[in-house]
Amino acid sequence: MIREDGAIREDGAIRENGAIRENAIRTHEAGSLRARDAGTAVTLAGWVARRRDHGGVTFIDLRDASGVVQIVLRESEQAHALRNEYCVRVTGEVGRRPAGNENPELPTGEVEVVVTGLDVLSEAEALPLPIDDQVEAGDDIRLRYRYLDLRRSGPAKALRLRSRANQIAREVLHARNFNEIETPTLTRSTPEGARDFLVPVRLQPGTWYALPQSPQLFKQLLMVAGMERYYQIARCYRDEDFRADRQPEFTQLDIEMSFVTQDDVIELAEAIVAALWGELADAEVSLPIPRLTWHEAMARYGSDKPDLRYGVELVDLTSYLHGTDFRVFSAAIMAGGYVGAVVMPGGAVQTRKELDAWQEWAKARGAKGLAYVVLDAETGEARGPVAKNLSAEHLAGLGDTVGAKPGDAVFFAASQNRREAQELLGAARIEIAKRAGLMDEDAWAFCWVVDAPMFERDTVLPDGTGEGWTAVHHPFTSPTAEWMDSFETAPGDALAYAYDIVCNGNEIGGGSIRIHRGDLQRRVFDLLGITPEEAQDKFGFLLEAFKYGPPPHGGIAFGWDRVCMLLSGADSIREVIAFPKTRGGLDPLTGAPTPITPQQRLEAGVDAKPKAPGESAS
RNA sequence: GGUGUCGUAGCUCAGUAGGUCAGAGCACUGCCCUGUCAAGGCAGAGGCCGCGGGUUCGAGCCCCGCCGGCGCCGCCA
C-alpha cells in the first residue's frame, strides 16, 4: 500500500525481532517517526531538505524516501555549514516537540530528533534546480537534472505509483496463472504500421534489426507454443512524432490468451482495471464496463475514444435537412454524405470574435470552417450567418431536433465523407466541454469500443473511396462471426473482433481476437493486397507456425504509460517515465542521441551492402 | 512536414504602445539571531535579455531567419 508518509515500511536495518543489524547506516526511516517513538535513540540518514538557522539553534528538515522529520541542533558549529541537499547521517533521540510547536502539516509533526552526532556523508554544490514542491521548473531543466527532479515528492510519487501499478497487474495475472515471458527487442519489423527503429548488425554487415513496435508476433507464437496465458511489461519502439501521451519508447502491459473469446479478454482486462483504479485512484470501477460499438461511438461522439464524462452528443441531421437549399449542406447530402450538429450549452453568449475563433479553430484542423447558429436567449430565434440560408421550417424545428435550448449555440459539420464530418464535430465536442467547463475532473468514465471496422481505405479520396484496403488493427485480426465468410464482399463494412478500452477520452488499451486459420489469413492478405511472396517474406515464420495446430487466441495490450499517467493525475506520460525524452527525441541528461565515429560506422556496417539472398550469410 | 506558444540572473518570473530597463523572490557568499517549519534581519556577488540579421536617432520590447522547450494538426493504436 502506498502511503503519503510511507510510514509503515520497516527499514532493512531492523530485523523482525527489533534488533538492529550491526554496522547499519541507519536505524529508522525519517518519515516513520511518531509520538510513540519519543525517547528512542535513533540514527537517521538522508538529505537536508531545508534548514532554519537561528544561530544558537538550528532546525533541519531531514528527508529520506519515507518522508521528512525535523531535527534540532543546538550550539552546533557544524549546523551552520550545512547546505541544502547535503547528504547526512544524524544520531539523536526522538522527543515530543514543546507544546505549541507541533506541525500538523507533517505526519512526523509531533516529534523532532534532538541531535547528538552529525556526519556529513557528502556535500552538494549550489543546485541548478530547487528541490521544492512549490516551485515548478521548466521541462528541459527538469529532464537535464532528472535525478534532482525526482527528489521532489511529486515526481517521486509518480514513479512509486507506477511500481505499485506493475505489482498490482502482476498480482491479478499470476492469480490467474499467467506466465511472465520476455521476448526479443532485437528482432524484425512487426506489422504495427509505424516506422521502425533500426539497428545495424555488425556480424551481418548490411542487415538490420528492427526494435519491436510491440511483441505482437512473439506472443502469438507463444500461443502456438501452448503457453496459453502470457503477459509481459514490454518496452515498445515506434519512430513517430511525440505527443504529451507518446514517446518513441513506451511500455505496454501485453497480454495474450488461448481458447478465449472477446468476452474472456474483456473480463480479464476489467479485472486489472478495477484492481488498479480501486487501489491507486481510490475509485470503484463498476463492472462490467459499458460497451459501445465503433459506429455508435462515431455517431454519438465523433470519436473512437469518446470521453464519457459529459454528454454533448452529436446529432445526425442528414435526413432532417434533406432538401435544403443551403449549398454547403445539400452538396454533402446529395453526394451521400453527412450533415450533423453538436450543441454548445450557453453558447449564444459568445461574442462575434469568439464565434470567429471557432472558424480558425476548425481551419487549424483542416476543415473549411464550422457553420453555426445561435439561439437567442430571450426569443429562441436562430441567428448567425447560416440561419438565413436555412428555410423557416428547418429553423423552426432545429432546436428540438438537436436538443438545443434558447441561449445555446449549434455547430454544424457537413461532408461527403461521413467520418470526416463526425470527427470534426467530435473535436468540437471536446472543445465545447473545455470552454463550457462541462468536464468533471474527478470523474472516471470507462468504456469499451467494440466491433471496429476491419479495413479502411489506404488512400482516401475526397468522396471517401480509395484504391486499396489496409487493416485498421493489424492484419492478424479476426473478422466477427457474421463477417467470417463475407468480408470480401463489403470490406468497408466488415467488422472485426477488435476492442479498445477508453478512459476519459484516452485509449488506454486495445486488442483483438486473432486469426488462427491459414485459409482465413490467406483471404485477409489477398484483400490487403499482400501477395503470398510478401507474406512469406514478412511473416513467413508466423504462417509456418500456424501450420502446426495453432489454438484460437486473442489478447490485449495496455498503454502502460498512459494508464500510469491517468492514475497519477499527470497530464503527460513523461511524468511516469524515469528518464523521458524531449519532443525532439533528445535526452537532455545523457545527451543522446550522438553522432558515431567513422570507426563505429565502419564496424556497424551502416553503409554495407547486404549480401544477395543466394549468398552464404557467414 | 505544418502551426501556435514560450525563451530575461543558478531557479521561478516582472519588465507597461520602442526612450534610467538590467529588476523581484528563492538559491548562492559574508555577518546577526535559541523554537522555526516556504524562519527572519543586514550586506554582497551574479545577466552576449536563446542565436543571427534587419527597421530606428535609439530594440529585452517591432520585423525576418535559425536553434531549443512545450501544445496541437499530419503521422502514430
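Bear in mind that the values here come from a model prediction, so they are computed numbers and not experimental data. Within every chain, numbering begins at 1; the chains are lettered A, B, ... in the order of the sequence lines, protein sequences first and strands thereafter.
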Looking only at atom C1', what distance separates B/A14 and B/C6, rounded to whole Å?
-> 15 Å

Pair assignment for B/A59, Watson-Crick or G-U wobble, requiring both distances under 3.5 Å = none

Heavy atoms under 4.0 Å, any strand shown: does A/E112 hit a base, just sugar-phosphate, or nothing?
-> base

Any A/R51 side-chain N or O less than 4.0 Å from OP1/OP2 of B/C28 = yes

Would you indicate what A/D53 reaches in the nucleic acid, counting non-hydrogen atoms under 4.0 angstrom: base, sugar-phosphate, or nothing?
-> base

Within the structure shown, what part of the strands sits under 4.0 Å from A/R246 by heavy-atom distance: base, sugar-phosphate, or nothing?
-> base

Side chain of A/V57 - closest among B/U34, B/C73, B/C76 | B/U34

Salt bridge present between A/E110 and A/R96 (N-O < 4.0 angstrom) = yes

Which whole number of Å gives the distance between the P atom of B/C62 and that of B/A17?
-> 11 Å

Under a 3.5 Å limit for both distances, which nucleotide forms a Watson-Crick or G-U wobble pair with B/G40, could you say?
-> B/C32

Nearest 0.5 Å please: distance from the CD1 atom of A/I556 over to the CG atom of A/L253.
-> 9.0 Å

Gap between atoms CG and C1', on A/L33 and B/C37 respectively (whole Å) | 17 Å

Does A/R97 get its side chain close enough to the base of B/C37, under 3.5 Å, for a donor-acceptor pair?
-> yes

Taking the same atom, P, in B/C72 and in B/A27, what whole-Å distance lies between them?
-> 35 Å

Among B/C28, B/C37, B/A77, which is the nearest nucleotide to the side chain of A/R83?
-> B/C28

Spacing of A/I131 atom CD1 relative to B/U12 atom P, expressed in whole Å = 13 Å

Salt-bridged, A/R291 to A/D263, with N to O below 4.0 Å?
-> yes

When you compare B/G53 with B/U12, how far apart are their C1' atoms, in angstrom units rounded to a whole number?
-> 31 Å

Here the distance between atom P of B/A77 and atom NE2 of A/H474, to the nearest Å, is 11 Å

Using the P atoms only, state how far B/G7 lies from B/G60, rounded to an integer number of Å.
-> 15 Å

Counting only Watson-Crick or G-U wobble pairs whose two distances fall under 3.5 Å, which nucleotide matches B/G4?
-> B/C70

A/D139 near the nucleic acid: base, sugar-phosphate alone, or nothing, with a heavy-atom cut-off under 4.0 Å?
-> sugar-phosphate

When we call it a touch if two heavy atoms are under 4.0 Å apart, what does A/G366 touch: a base, just sugar-phosphate, or nothing?
-> nothing

Donor-acceptor contacts, no H, no angles, side chain residues 564-576 of chain A, under 3.5 Å, sequence neighbours left out:
residue: A/S568; atom: OG; partner: A/C564; partner atom: O; Å: 3.0
residue: A/S568; atom: OG; partner: A/M565; partner atom: O; Å: 3.1
residue: A/S572; atom: OG; partner: A/A244; partner atom: O; Å: 3.3
residue: A/S572; atom: OG; partner: A/R574; partner atom: N; Å: 3.0
residue: A/R574; atom: NE; partner: A/D139; partner atom: OD2; Å: 3.3
residue: A/R574; atom: NH2; partner: A/D139; partner atom: OD2; Å: 3.4
residue: A/E575; atom: OE1; partner: A/R142; partner atom: NH2; Å: 3.0
residue: A/E575; atom: OE2; partner: A/R142; partner atom: NH1; Å: 2.9
residue: A/E575; atom: OE2; partner: A/R142; partner atom: NH2; Å: 3.4

May I ask which nucleotide in the shown strands pairs with B/U16, Watson-Crick or G-U wobble, both distances under 3.5 Å?
-> none

Once you round it to whole Å, what is the distance between P of B/G1 and CZ of A/R195?
-> 10 Å

Would you check if there is a donor-acceptor pair between the side chains of A/N103 and A/Q70 at a distance under 3.5 Å?
-> no

Taking for A/E75 and for A/H473 the nucleotide of RNA chain B with the nearest heavy atom, the one nearer the 5' end belongs to A/E75

Run the salt-bridge test on A/D133 and A/R152 with the 4.0 Å N-O cut-off and return the result as yes or no.
-> no

Starting from the 5' end of RNA chain B, give me the residue, A/D241 or A/G585, whose nearest nucleotide shows up first.
-> A/G585

Hey, does A/L586 reach any base, or is it just sugar-phosphate, or nothing, if we go heavy atoms under 4.0 Å?
-> sugar-phosphate

So what does A/R243 touch, heavy atoms closer than 4.0 Å: a base, only the sugar-phosphate, or nothing?
-> base

Protein-nucleotide distance (A/E456, atom CD; B/C76, atom C1'), rounded to Å | 12 Å

Closest listed nucleotide, where the reference is the side chain of A/N103 and the choices are B/U34, B/C72, B/C37 = B/C37

Over how many whole Å does the gap from A/D254 atom CG to B/A77 atom P extend?
-> 14 Å

Can you check the A/L127 CG to B/A38 P distance for me, whole Å?
-> 19 Å

Is A/D132 salt-bridged to A/R50, cutoff N-O under 4.0 Å?
-> yes

Scan A/V72 against the nucleic acid and name what it touches under 4.0 Å (heavy atoms): base, sugar-phosphate only, or nothing.
-> nothing

Got a sec? Which of residues 567-583 of chain A come in under 4.0 Å of RNA chain B, heavy atoms?
-> A/R574, A/T582, A/R583

Measure from the side-chain heavy atoms of A/E240 and tell me the nearest of B/C28, B/C75, B/C11.
-> B/C75

C1' gap between B/C61 and B/G74, integer Å = 34 Å

Of the listed B/C37, B/A77, B/A38, the closest approach to the A/D132 side chain comes from B/A38

With a cut-off of under 6.0 Å to the ring centre and 45° to the axis, is A/R435 in cation-pi contact with A/W358?
-> yes

Base-pairing assignment for B/G46 (Watson-Crick or G-U wobble, both under 3.5 Å) = none

Using only heavy-atom distances, decide whether a donor-acceptor pair under 3.5 angstrom links the side-chain of A/Q70 to the base of B/U36.
-> yes

Run the salt-bridge test on A/R235 and A/E249 with the 4.0 Å N-O cut-off and return the result as yes or no.
-> yes

Sugar-phosphate only, base, or nothing, as touched by A/Q247 at under 4.0 Å among non-hydrogen atoms | nothing

Distance between the C1' atoms of B/C31 and B/A45, in whole angstroms?
-> 15 Å

B/C37 phosphate, OP1 or OP2, under 4.0 Å from A/R50 side-chain N/O = no

Using the P atoms only, state how far B/A59 lies from B/U16, rounded to an integer number of Å.
-> 16 Å

Would you indicate which nucleotide in B/A27, B/C76, B/C37 comes nearest to any side-chain atom of A/N84?
-> B/A27

Carboxylate-amine/guanidinium contact A/R365 A/E423, below 4.0 Å = no

A/K219 and A/I255 have their tightest heavy-atom pair at NZ-O, 3.1 Å

Looking at A/R162 and A/D561, does any basic side-chain N land under 4.0 Å from a carboxylate oxygen?
-> yes

Taking CZ from A/F59 and P from B/G40, how many angstroms apart are they, rounded to a whole number?
-> 14 Å

Give A/P98 one of three labels, base, sugar-phosphate or nothing, depending on what nucleic acid heavy atoms sit under 4.0 Å from its own.
-> base

Within less than 4.0 Å of OP1 or OP2 of B/A39, is there a side-chain N or O belonging to A/R52?
-> yes

